[in-house]
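Computation of the quantities below employed the complete heavy-atom set of this structure, encompassing side-chain atoms and omitting hydrogens, waters and symmetry-equivalent molecules. Predicted model, so just to flag it, every value in this text is computed and none were measured.
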Amino acid sequence: MANILETINKWDTRKKVILGVLLVFAIASIVLLVAWAQMPDYQVLYSNLPPEDAGLIMQKLKEMKVPYKTVSTGILVPSERVYELRLELATMGLPQGGGMGYEIFDKTGLGTTEFVQKVNLKRALQGELSRTIRSLQEVVDCRVHLSIPERSIFTGSDEKPKASVLLRLRPGVKLSRSQIQGIVHLVAGSVESLTPDNVTVVDSRGNVLTAREDESVMLSNTQRDYQRGIERDIEKRIISIIEPVVGKDKVKAKANVSIDFTRIEETQEAYDPDGQVVRSQQSLLEQKTDTTVAGVPGVQSNLPNRQAGGAASGQAGLRRKTETVNYEISKTVSRIIKPTGTIKRLSIAVLVDGTYVKDDKTGELKYVPRTEEDLRSYEEIVKKAVGYSEERGDEVKVMNMAFQTPAEIEDTPEKPDYTRYIIPAARYGTILILSVLVFLFLVRPLIAYLRQQQPTPAAPPALQPPTPEIEGREAPKELPRDEIIEWARNNPQQAATLIKKWTESK
């Protein structure tokens, strides 16, 4: 260390200044590089925020003394605090969703009129619905407009409320029919007397998502979704039961399901003749008797107080019996509705990969197909798993096929995920490259310049120490005193060395 300081002391003023600048630059560079390396990695806290929410969140971050950055897409915070800050801001009710909710009633004055209260109520309801719909993964932003008619006892009009929903979806995302219906029923269920027919949903491009379609078309879409759901369920069921046997990613299944969506209603009436029961019985008996006297026609037989001579007497009668019996026969009325969506036929194709064995001589992998016995056993397992029915005409086919060639398996090693290391590696790599460039093009040339030996100025002839050759000779002429003093001031080390030599020589 002493030799280094002694060497530096011998340098002229220019070299000392360059050394000082070099040290300051090196220290500053080290400090900046270390600070840059330790700079936290910023990630998106929230994106696509309305200006109101962005301002409130920035204010809260300042109060919490959290560093943040604002970019065109949103607000950035240190990556290690992203989820923590989201939870903390959520407890504060942020983000609010670009609209006021029921917190609008937190600040109400005593002089607020009834009209203002009604307007605030509608604003709060619109804001709450917007926030709820915005929580859907496919929705970026949402606006809800409600038209609620005034109620009055003096008007007989029965005007219903109406609602309009404007959605801004994520790029490349399309809502399904069930999701749209979910939004419609959500809005309709949140407003009194609002029916789903009076809710209109529009996307940011102006497309009406709740267009009234023909019932048969809507039913067709539902049927298609139902059919695809059954097919996916069968495919997953096959893979889950075969994969543990043949190995992961070594089985593929495809199902085609024919479904009967016919809706049949039947009404049947069945009578049981053996189950007759007397319901009512009525009996009617009529009987009539009449006696008559008959004689010879003429005056004598008709005179009074005169016996009828030779008269004949007769007796007549009427008897009738009527009986009515009403029977009730047991009757069974059945209304049968056959279920829709029954499976008419199944067609299933299953591909199973073979095995690969390494050749001991060549070291190459060879494909070994599955045996017929294995394929038949797999087919039986699949039939049991999907509910195979020969009466329906179901078909199940299990085939063996190579998914990859042995060369592809050998040439395709498993690639580790280096995504998490890219950003730190790029950062430290940049620091290393900059350090090497600074050393090669700045530090190294300066060090080479500073190592250059400065020529030692020769001492004046009068001050040269005596040598054996000139000993005894006449001393040279004495130089001016001012020049000697100036030389000694500029070269103190050499002057001291010269005086030391003089002293030793004497």
Quiz item: When you look at CD of E390, are more than 12 heavy atoms from neighbouring residues, nucleotides or ligands closer to it than 6.0 Å?
Solution: no
Quiz item: Looking only at heavy atoms, what is the nearest atom pair of V184 and P196, with distance?
Solution: CG1-O, 3.6 Å
Exercise. List the steps, then state whether salt bridge (charged side-chain N to carboxylate O under 4.0 Å, His left out) holds for E84 with R81.
Key: CA-CA 5 Å; E84 175 188 355; R81 299 199 60 185; 3.6 Å; yes
Exercise. State, to 0.1 Å, how close P161 and S193 come at their nearest heavy-atom pair, and which atoms those are.
Key: CD-O, 3.4 Å
Exercise. Find out whether I238 and I381 are in side-chain contact, i.e. whether some heavy atom of one side chain is under 4.5 Å from a heavy atom of the other.
Key: no
Quiz item: Taking R237 for the side chain and A385 for the main chain, is one N or O donor matched with an acceptor at less than 3.5 Å?
Solution: yes
Practice problem: Return yes when atom CZ of F261 has more than 12 non-hydrogen atoms of other residues, nucleotides or ligands closer than 6.0 Å, and no otherwise. | Solution: yes
Quiz item: M64 versus L85: any side-chain heavy-atom pair under 4.5 Å?
Solution: yes
Quiz item: With no hydrogens and no angle check, is any side-chain donor or acceptor of N400 less than 3.5 Å from a backbone partner on R370?
Solution: yes
Quiz item: Side chains of R345 and S347: donor-acceptor distance under 3.5 Å anywhere?
Solution: yes
Quiz prompt | Closest contact, heavy atoms only, K344 versus R392 | solution = O-CB, 3.4 Å
Quiz prompt | Value rounded to 0.5 Å, distance of CD in E159 from OG in S147 | solution = 6.5 Å
Quiz prompt | Face-on cation placement of K252 at F403 ring, 6.0 Å and 45° thresholds | solution = yes
Quiz item: Is the number of heavy atoms from other residues, nucleotides or ligands under 6.0 Å of E80 CD greater than 12?
Solution: yes
Practice problem: Just do the side-chain contact (heavy atoms from CB on, under 4.5 Å) check on V165 and V202 with the steps written out, would you? | Solution: CA-CA 6 Å; V165 181; V202 183; over 6 Å; no
Practice problem: Please answer whether the main-chain N or O of Y46 pairs with a side-chain N or O of R86 as donor and acceptor at a distance below 3.5 Å. | Solution: no
Quiz item: Hey, is the main chain of L146 close enough, under 3.5 Å, to the side chain of Q126 for a donor-acceptor pair?
Solution: yes
Quiz prompt | Between T371 and E373, a side-chain donor and acceptor under 3.5 Å | solution = no
Quiz item: Taking C-beta and beyond as the side chain, do V77 and L61 meet within less than 4.5 Å on heavy atoms?
Solution: yes
Practice problem: Take E364 and K358 through the salt bridge (charged side-chain N to carboxylate O under 4.0 Å, His left out) test and state the conclusion after the steps. | Solution: CA-CA 5 Å; E364 297 179 354; K358 191 173 184 179; over 6 Å; no
Quiz item: Can you name the closest pair of heavy atoms from E395 and Y388 and give their distance?
Solution: N-CE1, 4.1 Å
Self-check item: Side-chain donor/acceptor of R134 to backbone N/O of D141, under 3.5 Å
Solution: no
Self-check item: Test applied, side-chain contact (heavy atoms from CB on, under 4.5 Å); reference residue, V257; option that passes from I230, I348, D394
Solution: I230
Quiz prompt | Y68 versus K62, closest heavy-atom pair with distance | solution = OH-CE, 2.8 Å
Quiz item: Under the salt bridge (charged side-chain N to carboxylate O under 4.0 Å, His left out) criterion, do E380 and K384 qualify, and how do the steps go?
Solution: CA-CA 6 Å; E380 291 297 325; K384 296 295 183 182; 5.6 Å; no
Quiz item: Does T355 use its side chain to pair, donor to acceptor, with the backbone of V368 at less than 3.5 Å?
Solution: yes
Quiz item: Between Y367 and D353, does a side-chain contact (heavy atoms from CB on, under 4.5 Å) hold up when you go through it step by step?
Solution: CA-CA 9 Å; Y367 173 75; D353 194 8; 3.7 Å; yes
Quiz item: Got more than 12 heavy atoms from elsewhere within 6.0 Å of NZ, K250?
Solution: yes
Practice problem: Please answer whether the main-chain N or O of W487 pairs with a side-chain N or O of N491 as donor and acceptor at a distance below 3.5 Å. | Solution: yes
Practice problem: Would you please test L136 and I183 for side-chain contact (heavy atoms from CB on, under 4.5 Å) and show each step? | Solution: CA-CA 10 Å; L136 297 177; I183 294 175; 3.9 Å; yes
Exercise. Please assess N256 against E231 for the test side-chain contact (heavy atoms from CB on, under 4.5 Å), listing each intermediate value before the final yes or no.
Key: CA-CA 6 Å; N256 185 11; E231 292 174 349; 3.6 Å; yes
Quiz item: Counting distance only, does the side-chain N/O of T210 pair as donor-acceptor with the main-chain N or O of V201 below 3.5 Å?
Solution: yes
Quiz item: Do you know which two heavy atoms are closest between V144 and C142, and how far apart they sit?
Solution: CG2-SG, 3.9 Å
Quiz item: If we ignore angles and hydrogens, is there a donor and acceptor under 3.5 Å between the side chains of T195 and D197?
Solution: no
Quiz item: What is the distance from atom OG of S258 to atom CG of L346, rounded to the nearest 0.5 Å?
Solution: 9.0 Å
Exercise. Answer yes or no: is there a donor N or O on one side and an acceptor on the other, between the side chain of E243 and the main chain of D249, under 3.5 Å?
Key: yes
Quiz item: Above 12 or not: heavy atoms from other molecules or residues under 6.0 Å from CE of M399?
Solution: no
